[in-house]
Structures are given as structure tokens and as C-alpha cells.
Amino acid sequence: MNRNLMSVARKALTKVHSPNSPATNNKLFVAGLSWSVDERSLKDAFCSFGDVTEVRILYDKDSGRSRGFGFVSFCKEDEAVSAKDAMDGKALLGRPLRISYALERARGGPVVLPRLPNGGR
DNA sequence: GTTGAGCGTT
């Protein structure tokens, strides 16, 4: 009879983490940043929560200023979650931060064309 | 000297 209670108890203790909700990665999408924030300040603000392996802020090539959002990668997801849980909703340089998990994005450039087997001849 | 939702190469 204890088996049933065990099953129920174990179920209650089991983490109800949705298997189809991988809304967690070691990459964090940080938005709401001030237009004066740079990667160094962002890393310095997040490196205290874990080991930051990558920090990327998006800039505008027309105005030369930051787009107001960037990406922060951690060595472990646990650190990223802690950082998000700790810095999400907080404020940096006078502006509130909006942190979310980054989506996978191909890197390299806006477009890449493979060389044709024709050799250009 | 400005503005403020977002998911990627300035």
C-alpha cells in the first residue's frame, strides 16, 4: 500500500518541468539596456552570477549606438537561470532590464553564398 | 542633447 503513497509522493516531489518547454539555455537575451551600455558593463554585471563565456551587444551601424539589447552566454544553464532570475526586472544604468532566453541563431553573416562548382568559367 | 519593443554581427 505504501507503493501508492510512494508513487504519489514521488510525483509531488518530481520536478514538474515541462519536457517540451526547453525555455532555458546558457544563452541569455538581455533587452531594455540603456543605449550607453557596453559589453564590458554587461559582463561585469552578469559575471558575478556565473562564468560568462560570451557577451554580445547589438549595435546600429547607422547611428553607431547600441540597439538596446544584447546576448549573454554562461558556462552553465544554472548560472544563466540564476542571472536571469536575479537581473530580470532589475535596472542597469537607470533603465529596467528585460532578460529572456536567447533563440538559436545562425552566425557568420546576413548571407553566405557557396562557390559554384563551375569555377566561374 | 531626442526615442524604447525586441532575438544576432555593429
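Convention: sequence-line order gives letters A, B, ...; per-chain numbering from 1. Computation of the quantities below employed the complete heavy-atom set of this structure, encompassing side-chain atoms and omitting hydrogens, waters and symmetry-equivalent molecules.
- Checking dC7(B), dG6(B), dG8(B) against the side-chain heavy atoms of Ala31(A) singles out dG6(B) as nearest.
- At the heavy-atom level, Leu103(A) lies under 4.0 Å from base atoms of the strands shown.
- Toward the 5′ end of DNA chain B lies the nearest nucleotide of Gly32(A), the other residue of the pair Lys61(A) and Gly32(A) mapping further downstream.
- Here Arg65(A) reaches the OP1 or OP2 of dT2(B): one of its side-chain N or O atoms lies under 4.0 Å away.
- In this structure, Tyr101(A) has its ring center at least 6.0 angstrom away from the ring center of Phe29(A).
- Atom CG in Asn26(A) sits roughly 19 Å away from atom P in dC7(B) (whole-Å rounding).
- In this structure, the CZ atom of Arg67(A) is 7 Å from the P atom of dT9(B), given to the nearest Å.
- A side-chain donor-acceptor contact under 3.5 Å links Asp38(A) and Ser41(A).
- Taking side-chain N and O atoms only, Arg98(A) has a distance below 4.0 Å to OP1 or OP2 of dG6(B).
- Across Met87(A) and Leu97(A), no two heavy atoms sit closer than the pair O-CB, 3.8 Å.
- Looking at Asp85(A) and Ser82(A), their side chains never bring a donor and an acceptor atom within 3.5 Å of each other.
- To the nearest angstrom, C1' of dT10(B) lies 8 Å from OH of Tyr59(A).
- Computed from coordinates, the Trp35(A) CH2 to dT10(B) P distance equals 21 Å when rounded to whole Å.
- Between the P atom of dC7(B) and the CG atom of Asp88(A) lies a distance of 15 Å, rounded to the nearest Å.
- Across all strands shown, Leu33(A) has heavy atoms under 4.0 Å from base atoms, whether or not it also approaches the sugar-phosphate.
- Ile99(A) places its CD1 atom 16 Å from the P atom of dG6(B), with the value rounded to the nearest Å.
- Minimum interatomic distance between Ala86(A) and Phe49(A) (heavy atoms only, all atoms of both residues): CB-CE2, 3.2 Å.
- Atoms CZ (Phe71(A)) and P (dT10(B)) sit 14 Å apart, rounded to a whole Å.
- Contacts of Ser34(A) with the nucleic acid, taken as non-hydrogen atoms under 4.0 Å apart, include base atoms.
- Counting non-hydrogen atoms under 4.0 angstrom, Ser66(A) reaches nothing in the nucleic acid.
- We find that CZ of Phe69(A) is positioned 17 Å from P of dG4(B), with the value rounded to whole Å.
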